[in-house]
Asks: 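This is the structure I want to talk about, given as structure tokens.
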Amino acid sequence: MNLTPGNRPSIEAVYIHIPFCIKKCHYCDFVSYPLAGLPVEEYCDAVIAEAALYAAHADSIQGGIKSIYIGGGTPTSIPAEYLMKMLDQVQDCFPLARNGEITVECNPKTVDGAYFSKLKRGGVNRLSIGAQAFQDQLLQRMGRIHLPQDIGNAVHEAQQCGIENINLDLIYGLPGQTLDQWKGSLNAAVQLHVPHIAAYGLKLGEDSFWGKQYQKGLLQVPDEDASADMFELAMDILAASGYRQYEISNFAWPGYFSVHNRVYWNNGTYLGLGVAASSHWQHLRQTNQAALKRYLQEVQEGKFPVGESEIVDFDTALGETIFLGLRLLEGLNIHEFEKRFGVKINKKYQKQLEKLIALDLIACSEDQIKLTRKGIFLANEVFMEFLP
Ligand code: SF4
């Protein structure tokens with residue numbers, strides 16, 4: 001651990017991982033377990049104890065942390081009271097700034113008005129709902145537990161409870177998904193009048209059910225061109241519907257950009273609590289134990305439950321800050337970068353910048369470096385250039 005007196009990291013945001021789901025979706029290899037029979041309350045107490053461990057060695061940034069994000073897994077698969085107790089006590093350790101953002105990820109099948117009311121009373125002011133698709137057939141194929149109508153019901157219940165800052169997650173590039181179905185999902189999401197929509201290309205986790213089928217040649221997914229067409233359709237439909245694409249996969253009305261994710265894209269400092277949660281501060285990036293039993297045991301013994309820890313050297317920090325910053329479509333601010341690292345970006349990365357400009361993948365002004373429209377589609381090729 002890199003936590004010593006006099007070396008107290010200043011934390012900008014806290015992530016809490018809830019590794020429970022009702023059942024596993026076919027594409028998913030996130031660290032999450034089917035809920036039945038697992039020690040949920042014990043886990044929540046361990047997260048609180050972990051927060052207290054860190055509070056003895058780290059501070060919130062001045063004015064309080066910017067955001068708390070409860071993700072998973074399916075946080076709403078467990079009683080709202082448990083989430084609220086965690087939120088309360090984590091804030092005792094890391095107070096939230098006035099107007100700070102508190103997001104909870106939801107599965108539409110696991111929530112109702114009563115559940116949202118409890119979240120709202122506990123201070124939750126943003127929801128991220130895993131819609132994924134609006135076609136029954138696709139949802140069933142993915143192994144999702146919800147129906148298309150559950151998505152609209154969840155959104156309406158949340159809005160009625162006074163939580164209007166809502167994100168809907170959608171996935172394109174699904175096996176068997178047509179461009180028309182994708183268009184239908186985008187339009188359905190827009191019609192729900194939510195201020196934020198995230199459109200992600202399918203990522204087949206290697207250890208997921210679909211990932212294994214794909215490796216054996218038993219599953220077909222849309223090819224790169226078809227996926228790129230779907231992504232382009234999302235960009236067009238959402239722009240025409242008043243959403244600004246402020247990050248490669250994230251679209252929002254003005255004023256509704258995710259505060260929490262921005263800490264990640266700015267390569268800021270955050271503390272991850274819970275199984276497999278990641279943290280980043282100063283020159284350290286670490287990930288917690290992924291096994292539930294081991295995580296619980298280490299926290300109960302008063303140890304930091306860290307599984308992997310990596311020192312981030314200076315060149316890696318520069319590269320990461322560039323490619324994370326380039327995810328934001330406004331681009332990377334050259335002056336802020338130079339102030340933060342004392343490095344002239346145009347000089348240090350002259351070769352890479354010239355190459356990417358010639359390929360029409362990035363555009364540079366005096367103040368900003370940003371992806372071009374072509375660069376948005378080929379972002380990974382751009383990011384590779386900045387890896388040390
Ligand atoms: S995709 Fe979400 S709901 Fe499905 S198993 Fe993974 S974490 Fe759980």
Side-chain angles (χ1 to χ4, degrees), residues 14-25 28-55 68-94 102-124 126-130 143-146 150 154 157-158 161 163 169 205 207-208 260 271-279 287-307:
V14 171
Y15 171 80
I16 301 172
H17 190 72
I18 305 296
F20 308 116
C21 290
I22 305 296
K23 78 185 246 297
K24 202 80 187 161
C25 303
C28 175
D29 74 348
F30 296 145
V31 176
S32 68
Y33 316 101
L35 179 71
L38 291 179
V40 173
E41 196 169 4
E42 198 184 322
Y43 179 79
C44 296
D45 288 341
V47 167
I48 292 167
E50 190 191 357
L53 273 177
Y54 278 102
I68 300 176
Y69 191 103
I70 306 185
T74 306
T76 51
S77 65
I78 69 173
E81 288 75 8
Y82 293 176
L83 297 182
M84 295 309 96
K85 183 176 165 196
M86 270 188 291
L87 254 186
D88 226 41
Q89 302 209 11
V90 166
Q91 285 180 80
D92 284 348
C93 299
F94 296 97
I102 303 180
T103 305
V104 173
E105 282 183 352
C106 312
N107 181 298
K109 190 74 178 177
T110 57
V111 284
D112 57 18
Y115 198 103
F116 285 138
S117 294
K118 289 177 197 166
L119 296 188
K120 166 99 176 146
R121 277 201 299 277
V124 173
R126 185 171 184 270
L127 299 169
S128 181
I129 300 179
R144 299 290 298 179
I145 57 169
H146 69 274
D150 295 326
E157 298 271 14
C161 287
I163 308 180
D169 276 347
D207 290 329
S208 67
H260 187 81
L271 172 63
L273 301 172
V275 158
S278 296
S279 302
T287 308
N288 275 354
Q289 300 290 0
L292 184 59
K293 206 168 156 191
R294 180 128 185 226
Y295 169 81
L296 290 173
Q297 192 186 336
E298 294 196 359
V299 176
Q300 283 156 2
E301 287 170 1
K303 296 181 187 158
F304 291 108
V306 177

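Just so we're clear, the structure is a prediction, and the values are computed from it rather than from any experiment.
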Asks: Would you please name every residue forming a ring pair (Phe, Tyr, Trp, His ring centres under 6.0 Å) with Tyr82, sequence neighbours left out?
Replies: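 Ring pair (Phe, Tyr, Trp, His ring centres under 6.0 Å) check on Tyr82 returns nothing, list empty.
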Asks: Atom OG of Ser77 and atom NZ of Lys23: how far apart are they, to the nearest 0.5 Å?
Replies: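 Ser77 atom OG to Lys23 atom NZ measures 13.5 Å (nearest 0.5 Å).
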Asks: Can you give me the closest heavy-atom contact between Cys25 and Arg144, atom names plus distance?
Replies: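 Between these two residues, the closest heavy atoms are SG-NH1, 3.5 Å.
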Asks: Under the rule for ring pair (Phe, Tyr, Trp, His ring centres under 6.0 Å), what residues qualify as partners of Phe116, not counting sequence neighbours?
Replies: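 For Phe116, no residue satisfies ring pair (Phe, Tyr, Trp, His ring centres under 6.0 Å) once neighbours in sequence are set aside.
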Asks: Can you name the residues that form a side-chain contact (heavy atoms from CB on, under 4.5 Å) with Phe30, not counting sequence neighbours?
Replies: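 In terms of side-chain contact (heavy atoms from CB on, under 4.5 Å), with neighbours along the sequence ignored, Phe30 is linked to Cys28.
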Asks: Quick one: list whatever passes side chain to side chain donor-acceptor pair (under 3.5 Å) with Ser32, sequence neighbours left out.
Replies: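 Partners of Ser32 by the side chain to side chain donor-acceptor pair (under 3.5 Å) criterion, ordered by chain and then number, come out as Lys24.
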Asks: Can you name the nearest heavy-atom pair linking Asn107 to Thr76, along with the distance?
Replies: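 Taking Asn107 first and Thr76 second, the nearest heavy atoms are N-OG1, 3.3 Å.
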Asks: Can you name the closest pair of heavy atoms from Ile163 and Lys120 and give their distance?
Replies: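 Shortest heavy-atom separation between Ile163 and Lys120 comes out as CG1-CD, 3.8 Å.
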Asks: Can you tell if the side chain of Met84 reaches within under 4.5 Å of the side chain of Val124, non-hydrogen atoms only?
Replies: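 Side chain of Met84 against side chain of Val124, heavy atoms only: contact under 4.5 Å found.
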Asks: Is there any salt bridge (Lys or Arg N to Asp or Glu O under 4.0 Å) pair reaching into residues 102-118, and which pairs are they, with sequence neighbours excluded?
Replies: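 As it turns out, the salt bridge (Lys or Arg N to Asp or Glu O under 4.0 Å) pairs with a partner in residues 102-118, which skip direct neighbours, are Glu81-Lys118, Lys109-Asp150.
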Asks: What's the separation between atom CG in Leu127 and atom CD1 in Ile70, rounded to the nearest 0.5 Å?
Replies: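 If we round to the nearest 0.5 Å, Leu127:CG and Ile70:CD1 are 11.0 Å apart.
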Asks: Only counting residues at least two apart or in another chain, list the ones meeting salt bridge (charged side-chain N to carboxylate O under 4.0 Å, His left out) with Arg294.
Replies: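 So Arg294 forms a salt bridge (charged side-chain N to carboxylate O under 4.0 Å, His left out) with Glu298.
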Asks: Under the side-chain contact (heavy atoms from CB on, under 4.5 Å) rule, collect the residues that match up with Ala49, sequence neighbours excluded.
Replies: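 side-chain contact (heavy atoms from CB on, under 4.5 Å) list for Ala49, sorted by chain: Val299.
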Asks: Check Cys161 against Gly113 and note the closest heavy-atom contact, atom names and distance.
Replies: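 Reported closest heavy-atom pair: SG-O, 3.4 Å.
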Asks: How would you list all residue pairs meeting salt bridge (Lys or Arg N to Asp or Glu O under 4.0 Å) that involve residues 28-41, not counting sequence neighbours?
Replies: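 The answer is none; no pair qualifies.
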Asks: Would you say Glu50 and Tyr295 are linked by a side-chain donor-acceptor pair, where the criterion is simply a distance under 3.5 Å?
Replies: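 Indeed, the side chains of Tyr295 and Glu50 share at least one donor-acceptor pair under 3.5 Å.
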Asks: To the nearest 0.5 Å, how far apart are CD1 in Ile48 and CG in Leu53?
Replies: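 Answer for the CD1-CG pair, Ile48 versus Leu53, is 12.5 Å.
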Asks: Taking all atoms of both residues into account, what is the closest heavy-atom pair of Phe20 and Ile78, and its distance?
Replies: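 Smallest heavy-atom distance, with atoms named: CD1-CG2, 3.8 Å.
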Asks: How many angstroms lie between CD1 in Ile16 and CG in Leu87, if you round to the nearest 0.5 Å?
Replies: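 Taking CD1 in Ile16 and CG in Leu87, the distance rounds to 5.5 Å.
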Asks: A side-chain contact here means heavy atoms from C-beta on lying under 4.5 Å apart; do Glu157 and Val111 qualify?
Replies: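 A side-chain contact under 4.5 Å is absent here.
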Asks: Rounded to the nearest 0.5 Å, what's the gap from CG on Leu38 to CG on Leu296? Could you check?
Replies: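 Here the interatomic distance stands at 9.5 Å.
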Asks: So, using side chain to side chain donor-acceptor pair (under 3.5 Å) as the criterion, who are the partners of Ser117 when residues are at least two apart?
Replies: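 Testing Ser117 for side chain to side chain donor-acceptor pair (under 3.5 Å), a comparison that skips the adjacent residues, returns none.
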Asks: Using the test side-chain contact (heavy atoms from CB on, under 4.5 Å), find all partners of Ser279 that sit at least two apart in sequence or belong to another chain.
Replies: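 Here the qualifying residues are Leu271, Trp281, Gln286.
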Asks: With side-chain contact (heavy atoms from CB on, under 4.5 Å) as the criterion, how do Ile145 and Thr110 come out once you've worked through the C-alpha distance, each side chain's angles and the decisive distance to 0.1 Å?
Replies: CA-CA 9 Å; Ile145 57 169; Thr110 57; 4.2 Å; yes
Asks: Show your reasoning for whether side-chain contact (heavy atoms from CB on, under 4.5 Å) applies to Val306 and Asn288.
Replies: CA-CA 4 Å; Val306 177; Asn288 275 354; 4.2 Å; yes
Asks: Met86 and side-chain contact (heavy atoms from CB on, under 4.5 Å): which partner among Asp45, Leu273, Ile18?
Replies: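 Single pass found, and it is Ile18.
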Asks: Among residues at least two apart in sequence or on other chains, which ones pass side chain to side chain donor-acceptor pair (under 3.5 Å) with Gln300?
Replies: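 Per chain and number, Gln300 pairs via side chain to side chain donor-acceptor pair (under 3.5 Å) with Glu42.
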Asks: If every non-hydrogen atom of Gly130 is compared with every non-hydrogen atom of Pro108, which pair is closest and at what distance?
Replies: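 Taking every non-hydrogen atom into account, O-CD, 3.4 Å.
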Asks: Which residues satisfy the ring pair (Phe, Tyr, Trp, His ring centres under 6.0 Å) test with His260, sequence neighbours excluded?
Replies: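 For His260 the ring pair (Phe, Tyr, Trp, His ring centres under 6.0 Å) partners, ignoring immediate neighbours, are Tyr69, Tyr264.
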Asks: Checking the side chain of Tyr43 only, and the main-chain atoms of Val275 only, is there a donor and an acceptor separated by less than 3.5 Å?
Replies: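 Yes; judged by distance alone, with no hydrogens or angles, the pair exists.
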